[in-house]
Number of protein chains: 2
Amino acid sequence: MAAPETMFVLEGRPTAQLIADQLRELIVQGAFSPGQQVNESALASQLSTSRGPLREALQRLCQEGILVSKRNRGVFVAELSEDDIREIYAVREAVELAAATTLLDSGQDKISDTCRVLKGIIKNMAKQVAASDWQALARLDMEFHTAFVSGTGNTRLIRIYQTLAAETRMCILSLEVAYPRIDALVQEHQLILDHLEAADRQGLQKAIKRHMKKAVEDLTSTPEVTEITA
Amino acid sequence: MAAPETMFVLEGRPTAQLIADQLRELIVQGAFSPGQQVNESALASQLSTSRGPLREALQRLCQEGILVSKRNRGVFVAELSEDDIREIYAVREAVELAAATTLLDSGQDKISDTCRVLKGIIKNMAKQVAASDWQALARLDMEFHTAFVSGTGNTRLIRIYQTLAAETRMCILSLEVAYPRIDALVQEHQLILDHLEAADRQGLQKAIKRHMKKAVEDLTSTPEVTEITA
DNA sequence: GCATCGCCTATTGTTGACAATCTACAGTTA
DNA sequence: TAACTGTAGATTGTCAACAATAGGCGATGC
């Protein structure tokens, strides 16, 4: 037996966390419309559990900002405004800038490892652009940035960023905007990767700032939403 | 009746959040020793509630990193290592640097307002230094930084920082280090305030980085812990 | 004397039922 | 007709009992 303590630990993580993960995925995929109330009993039976564990999971998601809880009213799917977007992207920028600094300070090995991962993601991105699979692109976009931050190894930074990633996906849902700038998407990420690989501190910072700024502009301009019913 | 909807809303916030706040305060004040298991039944009756709401609150604190949950074992007070300190302070630096940038970009009014608050806190700090009240100093220290970040008005940044503040206090508990550098404490905060007031972007950034670096050094040096059994 | 096996207790995980609260709708009155 | 009030329904908040799991401890066999 190679690793006795890691075989068949059948869900070693706490139940509430498992439920929270399932529910978060459901929400960011748009299974609930923004502002909609979450019925505890219904959800509990839907997820094959009871109200107790479910409520514990809901608390987690409330703290993440994906849900909002009103006393004696229940929990509701968060409705994110354009102000929320600006907030989220400001924090994302802060986290990524810190990640960039940390990465560049932590040796060539970590940088190379991270670059390798990022390259793979960009490669997949190009494929999905060709296939016009927006859903996959949105996922890869988040994967890229999450991988970038994960490169630091700072568990707290990573956890924060995962929450921000979920909120970002909520934004796109709430505002019902199409995934923007498909063409520039690969380019911008490639630029970030290039600067990281070249260990160009200033260039990397600028690329990140520019990327965030553009994203906010795209998401907040809302130029006549033409209701592209999927 | 001036404001009907705001009179006697007797705890408008959800119960789990209230319990979580109480419990967090207990923990960061050292009511539990690091690594200690948290008995649900005992705590529930101690806080005059039931296990249900308490468990919901525990989930929140687990996500904050103040507690750690092990399946079928229970929740334990987090034990923070020196690596954790480095992580926490790296994130704190990132958040404060972002707050600095945001503040300096958001007009003189916000800067002035924030400076006014910070000045008051520093004034109190000086008093507590004279009174040698370390507990109050630790609280004011956190208050200063929280106020600094609050100046941005970015609710997500603020929430993240509050969690980091709690974890920082946990660090001091876990490592059983005395509150360091009493004399330099007021000076360093004053320096940050001065740079903010002068809108000196680079100086402010440097002061923040320096402050964080020194704090980590103080907390991680651990020069022969002489086992001061309380 | 030491290791192993099995029980036992304490604690967590889960569930269902009960109480409290809010929203919505219908009935009533000016 | 409009506004107000009372009731009904549904949903959340809370609680106590039940089930399941893990760790400790003693007995037993080698």
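Note on naming: letters A, B, ... go to the chains in the order of the sequence lines (proteins, then strands), and numbering restarts at 1 for each one.
In this structure, CZ in Arg139(A) is found 15.5 Å from CH2 in Trp134(A), a value given to the nearest 0.5 Å.
Aromatic ring pairs are classed by plane angle as parallel below 30°, tilted from 30° to 60° and perpendicular above 60°; the pair His189(A) and His145(A) is perpendicular.
In this structure Arg73(A) satisfies the salt bridge (Lys or Arg N to Asp or Glu O under 4.0 Å) test with no other residue, sequence neighbours excluded. Judged as a salt bridge (Lys or Arg N to Asp or Glu O under 4.0 Å), and not counting sequence neighbours, the contacts of Glu87(A) are Arg156(B). Every residue was checked against the salt bridge (Lys or Arg N to Asp or Glu O under 4.0 Å) condition with Arg60(B), not counting sequence neighbours, and none meets it.
When DNA chain C is scanned 5' to 3' for any atom under 4.0 Å from a heavy atom of chain A, the first and last hits are dG13(C) to dT23(C). Counting 5' to 3', DNA chain D first comes under 4.0 angstrom of a heavy atom of chain B and last does so at the ends given by dG13(D) to dG23(D).
With hydrogens and angles ignored, the 3.5 Å screen pairs no side-chain donor or acceptor of Glu96(A) with any backbone N or O of Glu93(A).
Between Pro53(A) and Asn39(B), the one whose closest nucleotide on DNA chain C sits nearer the 5' end is Asn39(B). In this structure, Asn72(A) and Ser50(A) both approach DNA chain C, and ranking their closest nucleotides by distance from the 5' end singles out Ser50(A).
Among the atoms of the strands shown, base atoms are found under 4.0 Å from some heavy atom of Gly52(A). Nucleic acid contact class of Thr15(B) (heavy atoms, under 4.0 Å, all strands): sugar-phosphate only.
For residues 17-30 of chain B, the set of pairs meeting the side-chain hydrogen bond (donor to acceptor under 3.5 Å, both in side chains) definition, not counting sequence neighbours, comprises Arg13(B)-Asp21(B), Asp21(B)-Arg24(B), Arg24(B)-Glu64(B), Glu25(B)-Gln29(B).
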*Would Ile27(A) and Leu67(A) satisfy side chain to side chain contact (heavy atoms under 4.5 Å, CB included), going step by step from the backbone distance to the final call?*
CA-CA 9 Å; Ile27(A) 292 172; Leu67(A) 300 175; 3.7 Å; yes
